[in-house]
2 protein chains.
Amino acid sequence: MKYDSNSEGKEKILVASILLFAETGFDGVSMRDVAEKSGLTPAALYYHFPSKEQLYFEAVVFAFRKVAKIVADAISAASTPTAQLESVVDVASRMLAENRNILRLMQWIKLDRNEERLRRFGAAAFQDLYLTMYRLASELAPQFNPSALAVSIIGIVIFPFEAHAVFQFLPGYDDLEGSRAHFLKHVVTLLSDGFVGAPQAAKAPATSIA
Amino acid sequence: MKYDSNSEGKEKILVASILLFAETGFDGVSMRDVAEKSGLTPAALYYHFPSKEQLYFEAVVFAFRKVAKIVADAISAASTPTAQLESVVDVASRMLAENRNILRLMQWIKLDRNEERLRRFGAAAFQDLYLTMYRLASELAPQFNPSALAVSIIGIVIFPFEAHAVFQFLPGYDDLEGSRAHFLKHVVTLLSDGFVGAPQAAKAPATSIA
DNA sequence: GTCTATACCGCGATAGAC
DNA sequence: GTCTATCGCGGTATAGAC
């Protein structure tokens with residue numbers, strides 16, 4: 001856990017800045033904000049990081065290393081591909097519900113137009129995560145394009161949490177993500193059986209639309 | 001098509017600002033930027049709109065009115081629920097591929113933390129769209145929670161286009177969204193049959209992972 | 001390793017001429 | 001209906017003391 005003599009000081013700054021970057025994005029966070037949250041002055045930040053850009057990069061990589069480990073562990077814990085899918089959807093939906101930082105960081109990154117930054121993030125933070133889901137998709141369903149299936153699985157899990165911010169104000173919206181058991185069942189049933197093959201039992205409680 | 005005596009002037013500003021807000025979001029666009037793109041000065045914008053906030057609101061509503069119409073038309077054009085699903089996925093994926101503005105505007109809105117703004121957007125821009133998908137989900141599969149199914153369908157179509165910005169740099173990634181025919185077949189097969197019930201024929205061409 | 005002080009720039013918005 | 005000019009604020013980053 002030790003990197004160099006400055007790592008404790010840097011880590012305090014990284015933890016504080018993850019919260020801020022997740023909330024308002026790279027451009028929405030000022031070095032003054034980070035300094036205040038870290039209990040330092042702006043000038044002190046520039047002793048540890050050469051620029052706001054580099055601070056952002058290190059903060060994002062720091063945050064996503066943990067995610068990659070959680071997902072890899074969830075897959076290792078199950079034996080059959082189907083059980084692995086259920087396991088990974090379960091831990092992912094728990095993480096997304098309890099920790100909005102990861103979700104929002106990913107949203108900001110999808111909107112980033114800085115290609116250099118995206119390449120660095122891909123290599124340092126997302127490659128392992130994607131490859132893990134690619135392999136799972138290959139084993140789950142050889143008849144599908146594994147890349148497309150992996151993206152579909154990731155999207156069907158993540159998107160509802162992203163959209164919740166907007167959909168919560170619409171009439172007829174059911175907050176299924178609030179009930180993890182129902183959400184898990186919905187996702188796994190839809191992915192495995194589709195709406196043609198799924199049995200009646202798949203139905204989760206629904207409020208009537210106004 | 002006529003609203004009031006100022007509408008032509010306002011519309012020119014709205015069209016210009018939609019492009020800018022889609023690219024860099026509310027905070028990333030300055031009134032100076034909008035003025036330059038509209039061929040006016042910042043002070044002139046304040047004759048047509050009382051604030052940057054109100055300009056943003058009108059621009060988003062203006063953009064999404066067209067989307068709601070396109071989706072509603074796609075559903076009207078087909079008779080059975082299954083055909084309606086295929087039709088709506090088809091036009092949506094075409095729109096998302098050809099017009100990044102709508103996709104990115106939606107992404108910025110999902111990240112917005114201004115509840116008042118989200119309520120206004122919901123009522124003015126997204127309510128009809130959501131209700132249309134809710135009804136389609138109900139008819140497609142009564143055994144699923146219609147709200148959850150509607151969100152899943154929307155997510156499985158939209159998410160790949162959002163993630164493309166990041167995933168394009170990862171080894172093994174297949175740009176299936178670039179081939180609309182394959183993407184359409186993938187989505188409809190997965191949603192209707194799942195990976196258990198889908199026939200071998202569902203497979204789309206794949207590059208091998210490195 | 002952290003501070004105070006500051007250079008320099010771009011922001012939303014407004015006043016008042018035309 | 002559009003302009004020029006400007007106010008007051010907050011942004012990144014740096015110089016130099018301690």
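Computation of the quantities below employed the complete heavy-atom set of this structure, encompassing side-chain atoms and omitting hydrogens, waters and symmetry-equivalent molecules. Note that the coordinates shown come from a computational prediction; the quantities given were computed from them, not determined experimentally.
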Electrostatic pair B:Arg32:B:Glu36 at N-O distance under 4.0 angstrom: no
Whole-Å distance, B:Tyr46 OH to C:dG16 C1', equals 17 Å
Take the protein atom CZ of A:Phe49 and the nucleotide atom C1' of D:dA13, then report the distance between them rounded to whole Å. 16 Å
Would you kindly say whether A:Ser76 and A:Asp73 are connected by a side-chain donor-acceptor distance under 3.5 Å? no
Protein-nucleotides 2-5 of chain D N/O pairs closer than 3.5 Å?
residue, atom, partner, partner atom, Å
D:dT2, OP2, B:His48, NE2, 2.8
D:dC3, OP2, B:Thr41, N, 2.7
D:dC3, OP2, B:Thr41, OG1, 2.6

Give the intermediate values and the outcome of side-chain contact (heavy atoms from CB on, under 4.5 Å) for residues A:Leu55 and A:Leu14. CA-CA 7 Å; A:Leu55 167 60; A:Leu14 289 176; 4.0 Å; yes
cation_pi(B:Arg117, B:Phe26) dist<6.0 Å, angle<=45: yes
I'd like to know if B:Lys10 and B:Glu58 make a salt bridge, using a cut-off of under 4.0 Å between side-chain N and carboxylate O. yes
Excluding sequence neighbours, so at least two apart, what forms ring pair (Phe, Tyr, Trp, His ring centres under 6.0 Å) with B:Phe57? B:Phe121
Between B:Ser147 and B:Tyr130, is there a side-chain donor-acceptor contact under 3.5 Å, judged purely by atom types and distance? yes
With a 4.0 Å heavy-atom cut-off, tell me which residues in residues 18-34 of chain B come close to DNA chain C, sorted by residue number. B:Val29, B:Ser30, B:Met31, B:Arg32
Starting at atom CD of B:Gln54, determine the distance to atom C1' of C:dA13, rounded to an integer number of angstrom. 16 Å
Ignoring hydrogens and geometry beyond distance, is a side-chain donor-acceptor pair present between A:Ser30 and A:Asp33 at under 3.5 Å? yes
